[in-house]
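Basis for what follows: all heavy atoms, side chains included, without hydrogens, waters or symmetry-related copies. Bear in mind the structure is a predicted one, so any value in this text is a computation, not a measurement. Sequence lines set the chain letters: A, B, ... in the order given, protein chains first and strands last, and positions in each chain run from 1.
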There are 2 protein chains.
Amino acid sequence: MIRPEIISQSPVFMGITEAEITRLFQQVHYQVKSYGKSDILVNAGELCDRLIVIQEGSVKAEMTDYSGKTIKIEDLEAPFPLATAFLFGKNNRFPVTVVANNEVRVVVIPKAEFVKLLQWNTVILNNYLNTISTRAQFLSQKLKFLSFKTIKQKIAHYLLEQAGDRLAVVELPQTQEQLAEMFGVTRPALARALGEMNQEQLIEVQRKSIRILNKERMNQLLNG
Amino acid sequence: MIRPEIISQSPVFMGITEAEITRLFQQVHYQVKSYGKSDILVNAGELCDRLIVIQEGSVKAEMTDYSGKTIKIEDLEAPFPLATAFLFGKNNRFPVTVVANNEVRVVVIPKAEFVKLLQWNTVILNNYLNTISTRAQFLSQKLKFLSFKTIKQKIAHYLLEQAGDRLAVVELPQTQEQLAEMFGVTRPALARALGEMNQEQLIEVQRKSIRILNKERMNQLLNG
DNA sequence: CTTCATTTGTATCAAATGTTACAAAACTGC
DNA sequence: GCAGTTTTGTAACATTTGATACAAATGAAG
C-alpha cells in the first residue's frame, strides 16, 4: 500500500532507508487514500489532526475569500507533506482547501501516531523540527525585511547583508526586475532609489555591480 | 541546582510535575550557569546548539547593526526559554546577543540531550512543537497582514475578519490611535481612509461602530 | 451645566512610490 | 559586426501616505 521508495524522498522521512520505513509503518496506524481529479482532500477550517503525505499525483491549495471566491495559493506534488506547519500550535486548522489536480494517492497518519514516529526515530524528529523551524526562520526573515518602510532601507539592508564583513562590492545575482519583486516594489522605483543613493555617494552603481561607499550612513538609514 | 518549581512553569516544561522534572534531569547532561549584570550569555552569530532556560533574573536580547551599534530587541525573564526558534532549522545561529540585566541563573541543555527529552516525554515534545508551530502561525498571520499594501485593504481585511459570518456591524475594541499603530500607519491616514470608504458606501462609520455595507466590494479591494 | 482632556474628523503640504512610457545599454545568436 | 531581445536608466504624472495642525465631538469629573 505505501511506497517506501517515495515516502523516503519526503522531507520528513528523508535519510531513512526504505526497509526502515516499511518497518516503522507496520507499527503505526495509517491510511492510504485515493482521490480523483477535483476531489477535495481537505476543507479550509477543518481540524488539522493528521499528517498527509502525497504519494502520487499533485494537489493545489486554495483559499476562499470572504465572498466565496477561491484563489489558488500553491501546487504540491509527491512526495511532499501537507500543512506540516499546522499539525501543532494553537490554531491547528487548515488555512486552505486542498483539491486534487489529478489522480492522487496520499498517506494519512493521525497526529497521535505521527508523534509516536517522532519519539521512536531521531531522524524523523530532527527532520520535522528542522522543517518547521526553517519555515519559522524564513518567515521571520521575510517579516524583518518587510518592516523596512522605504526602498532605500530595503536596499541598504540587502546590500549590507550580502556584503557581510567582506569586501564592499556586491554583485547582484539577479536582475533588477527580480530584486524589485523580492522587495515588493516596482522596477522603476528600485532603479530610481539606486540612482539616488548613487548620487548621495552612499553606493556606486554599475549595472549589477554595486560598491558600498559609506557603511555608516547606510546604517543610519536603517535605524535613525 | 535546578529548581523544578520554576522550570515547570516554563512553556516547554509546562504540565510536567516537579518530581518528574527532577527525575528527567537526572538522566540528561546539563549545566546551571550564573551570570552577573551586563555579562554576555550569548553572542550573535554563535551556533545555537543548546536550549537555555532562564531560572532566575532577566536578560535582554540585543541586535548589533552593521556599524556596531546595539539595539535592544526584547526582555526575557524566568522561566522563559531562549531562542527556541533557532535550536533547529537551517540557519541555527543566534540572531541576537543576549546580555544579563541583573544576577541571572540559567539551565543549559545541549541540543542532543534536549532531543532525548523530546523523545522520552510526550508532554515536552508536544509543548515544544506547539511553541514553535504557534510562533510560525503567528508570523504567517502577521506576514499576511503586512502583505496588504494600502490602508483600505488593511481595514477591509480587519473588518471582514472581525465580522466573520455574523452580523455586519463591527465595534472597534480600541481607539483609532491604537488601531492605526497596529496597522503601522498614522492616525490621520487611518481616519481619512475610513472616511473615504464611508463616502464610497463600502462602510458606514459612526465613531467606534462600523457597519459593513458591501462585502463583495470589500473583497475586491483585497484581491483584484 | 461647565470645564477639561481625550478622541475623532478634516485640511494642507511634502515625501515616497506606483504607473506608464521610452530610450540607452548590454547581451545573444547568428 | 548585426539584428533582435533583454535589461537598465530616466522621465512625467497620479496616487498614497506621512507630518502637522487645528477644530469638532465626545466623555469624564466636578
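- For the pair A:E196 CD and C:dA16 P, the interatomic distance rounds to 8 Å; values are reported in whole Å.
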Worked check of side chain to side chain contact (heavy atoms under 4.5 Å, CB included) between A:T131 and B:F88:
CA-CA 8 Å; A:T131 301; B:F88 297 90; over 6 Å; no
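- If you measure from atom NZ of B:K149 to atom C1' of C:dT19, you get 14 Å, rounded to the nearest angstrom.
- There is no side-chain donor-acceptor pair under 3.5 Å between A:D75 and A:S58.
- Of the side-chain N and O atoms in B:Q176, one or more sit less than 4.0 angstrom from OP1 or OP2 of C:dG9.
- What separates CD of B:Q206 from P of D:dG27 is a distance of 12 Å, to the nearest Å.
- Close to C:dT8, at under 4.0 Å from its OP1 or OP2, lies a side-chain N or O of B:K208.
- Each of C:dA11, C:dT17, D:dT17 was ranked by its minimum atom distance to the side chain of B:P188; first place goes to C:dA11.
- Nucleotide D:dT8 holds its P atom 14 Å from the CD1 atom of A:I203, rounded to whole Å.
- With hydrogens and angles ignored, no donor-acceptor pair under 3.5 angstrom links the side chain of A:R187 to the base of C:dG18.
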From CA spacing to verdict: side chain to side chain contact (heavy atoms under 4.5 Å, CB included), A:I7, A:Q55:
CA-CA 7 Å; A:I7 299 294; A:Q55 201 168 234; 3.8 Å; yes
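- Toward the 5′ end of DNA chain D lies the nearest nucleotide of A:L194, the other residue of the pair A:L194 and B:T150 mapping further downstream.
- Within the 4.0 angstrom heavy-atom criterion, only backbone atoms of the sugar-phosphate kind lie near B:A189; the bases stay farther away.
- One can place CG of B:L190 at 14 Å from P of C:dT7, the figure rounded to the nearest angstrom.
- One N or O donor and one acceptor, one from the side chain of A:R192 and one from the base of C:dG18, sit under 3.5 Å apart.
- Formation of a donor-acceptor pair under 3.5 Å by the A:Q9 side chain with backbone atoms of A:I6 is not found in this model.
- Within 3.5 Å, no donor on the side chain of B:R207 pairs with an acceptor on the base of C:dG9, nor the reverse.
- Of the listed nucleotides (D:dT7, C:dG18, D:dG18), C:dG18 has the atom at the smallest distance from the side chain of A:I151.
- What separates CD of A:E204 from C1' of D:dG9 is a distance of 17 Å, to the nearest Å.
- In this structure, the CD atom of A:Q153 is 9 Å from the P atom of C:dT17, given to the nearest Å.
- Residues A:E171 and A:S209 have side chains that bring a donor and an acceptor to within less than 3.5 angstrom of each other.
- For the pair B:K152 NZ and D:dT16 P, the computed distance is 6 Å after rounding to whole Å.
- Nearest nucleotide to the A:V185 side chain, out of C:dG18, D:dG18, D:dT10: C:dG18.
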